[in-house]
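Read through the structure below, which is laid out as structure tokens, and then see the notes.
Letters go in sequence order (proteins before strands), and every chain restarts at 1. Computed from a predicted structure; not experimentally measured.
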2 protein chains.
Amino acid sequence: MDGDNETQKRIASSDGCSSCSFRNSGLCAVVIGINPGTNHCRKIDGAFRARQHVYRAGEAPGRIMVLREGWAAKSAFTPDGKRQVLSILLPGDTVGGELVMRSEARTHVQALTPIKYCAFDIDELMASSKHEPKFVWALVGLCSTSREASESRLVDLGRRNAAQRIVSFILEVFERLTKRGLADGATIPFPLRQHIIADALGLTQVHVSRIITALRKRGAIRLTGGKLTILDMGLLLSDV
Amino acid sequence: MDGDNETQKRIASSDGCSSCSFRNSGLCAVVIGINPGTNHCRKIDGAFRARQHVYRAGEAPGRIMVLREGWAAKSAFTPDGKRQVLSILLPGDTVGGELVMRSEARTHVQALTPIKYCAFDIDELMASSKHEPKFVWALVGLCSTSREASESRLVDLGRRNAAQRIVSFILEVFERLTKRGLADGATIPFPLRQHIIADALGLTQVHVSRIITALRKRGAIRLTGGKLTILDMGLLLSDV
DNA sequence: CGGTTGGTTGATATTATTCAATGGTCGTGG
DNA sequence: CCACGACCATTGAATAATATCAACCAACCG
């Protein structure tokens, strides 16, 4: 589908955590809490270029990652090659939480922009934390959050039309970025191609184009140069 | 939407577990393992009639249940009242696992047939098991399984047509029942109304009717009297 | 400069919905 | 036993939503 060659550069920086804005949230907070001291838990920093695969279905990456910068998409493919994007991964998101339960990935994760991540070795993590209820609860939290996200996407795909899906998709991304402090008022970074949005929402790129054009003409949003601004929330919600 | 009156009968049978076919699987096995002895963990047996709500979004049922008999559906509703069935619950399934993370339900669970269940009080369960890694891992397992199910449904809704969705839905149910020993060869109980199937797959009841009719005419399945038989797996898969 | 990627637009085709009518099944009460 | 109502399934015709096909444009990059 796209010939990338898995050449992520790995930087052996033993602790970028102190400067990381996600050190106090999600998985990182728990891991750092459980393995205190300077060298909480061995990890590897790394990066991928836009469009590279982080891992593919069937692979066993053996590590769980936290996105530090950039966006990625987790997707599944039908036997006849159609793609369904299961979730959009934003900075601060955990990638590969599923690998704790089954070492072999069933989904593909692909970088949508250049990304930087930090990775924990699953075996080590399990060895040191398997019996730590705090750690396991963190996994429950991660899984539960992403299940809720899948379920609300399910409602979108099953029972809402194209315009409603796109609006609720935009709002979801908007809120997630805002919570992480990555929004600038009503403006968020929005590097997604229409094709990805289409594959996330069960639509075609052409149809996504039409609807986004309509939203723009209506004056509900501005979307240029990888930035999206919500100009009028009322108008945006007018057909949801 | 439907005037039911929550009149579940509660039978104070302190231990139906010894005769329960699900005592060695899923949540029950873990709870029994953690709280050994005759009275492993206080629980309540109960029943609902077909169509009754087990709980509604916004309620805090305060207990987690295991379905012993009968089928149920977990659904969400859009603001304009459309229903999306998130999952079909079969005998042996855990109902309300989500309530461990947030006490207030965000989904509705409704009995599709008369059901019997057995319920654990969440507070008690948490008090005795919160720090038991085995218990928490069981939650990870439950959540993870249902997330995978949501995700594969997501692929159906996003990227497959009506016929493909219906076939894969039938096969999913077939496999789940078979795993639990509730199938009789190629025949399974199938008490689902077309309207429920439609709401699970993002279709209309009318369209479900057409497609099932087509599957019957083609000789792929037999479906009468609440029983479904797969007559020809090849034919069934011919448009998937 | 030419190739590639991403986006827009129009014409047309397909898929699924909506509306509407009809018949079957099942339980309940006379 | 039959009549009744509630629920469920089937079918046809008309319509709406979305996909497909195809052309074109703009931006970007080596």
Strictly by salt bridge (charged side-chain N to carboxylate O under 4.0 Å, His left out), give each pair with a member in residues 149-171 of chain A just once, sequence neighbours left out.
A:Glu151-B:Lys74, A:Arg153-A:Glu172, A:Asp156-A:Arg160, A:Arg159-B:Asp199
Approximate separation, where rounding is to 0.5 Å, of B:Thr187 OG1 and B:Leu177 CG
11.5 Å
Below 3.5 Å is the cut-off: list the nitrogen or oxygen pairs between protein and nucleotides 3-14 of chain C, distance only.
| from | atom 1 | to | atom 2 | distance (Å) |
| --- | --- | --- | --- | --- |
| C:dG6 | O3' | A:Arg193 | NH1 | 3.3 |
| C:dG7 | OP1 | A:Arg193 | NH1 | 3.3 |
| C:dG7 | OP2 | A:Gln194 | N | 3.0 |
| C:dT8 | OP1 | A:Arg216 | NH2 | 2.5 |
| C:dT8 | OP2 | A:Gln194 | NE2 | 2.5 |
| C:dT8 | OP2 | A:Ser209 | OG | 3.1 |
| C:dG10 | N7 | A:Arg210 | NH1 | 3.4 |
| C:dG10 | O6 | A:Arg210 | NH2 | 3.3 |
| C:dA11 | N6 | A:Arg210 | NH2 | 3.2 |

Tell me yes or no: between the side chains of B:Ser150 and A:Arg147, is some donor less than 3.5 Å from an acceptor?
no
Base, sugar-phosphate, or nothing: which does A:Gly202 touch, judged by heavy atoms less than 4.0 Å apart?
sugar-phosphate
Nearest heavy-atom neighbours spanning A:Val85 and A:Ser75
CA-CB, 3.8 Å
B:Lys179 atom NZ: more than 12 heavy-atom contacts under 6.0 Å
no
With the side chain counted from C-beta on, respond yes when B:Leu203 and B:Ile211 share a heavy-atom pair under 4.5 Å apart, and no when they do not.
no
A:Leu203 CG - C:dA16 C1' separation (whole Å):
15 Å
Here the distance between atom C1' of C:dA16 and atom CD1 of B:Ile166, to the nearest Å, is 11 Å
Reading DNA chain D from 5' to 3', where do the contacts with chain B start and stop? Cut-off is 4.0 Å to heavy atoms.
D:dC7 to D:dA13
Salt-bridge criterion met for B:Asp184 and B:Lys227 (N-O under 4.0 Å):
no
Might you confirm whether atom CZ of B:Arg180 has over 12 heavy atoms from other residues, nucleotides or ligands at distances under 6.0 Å?
yes
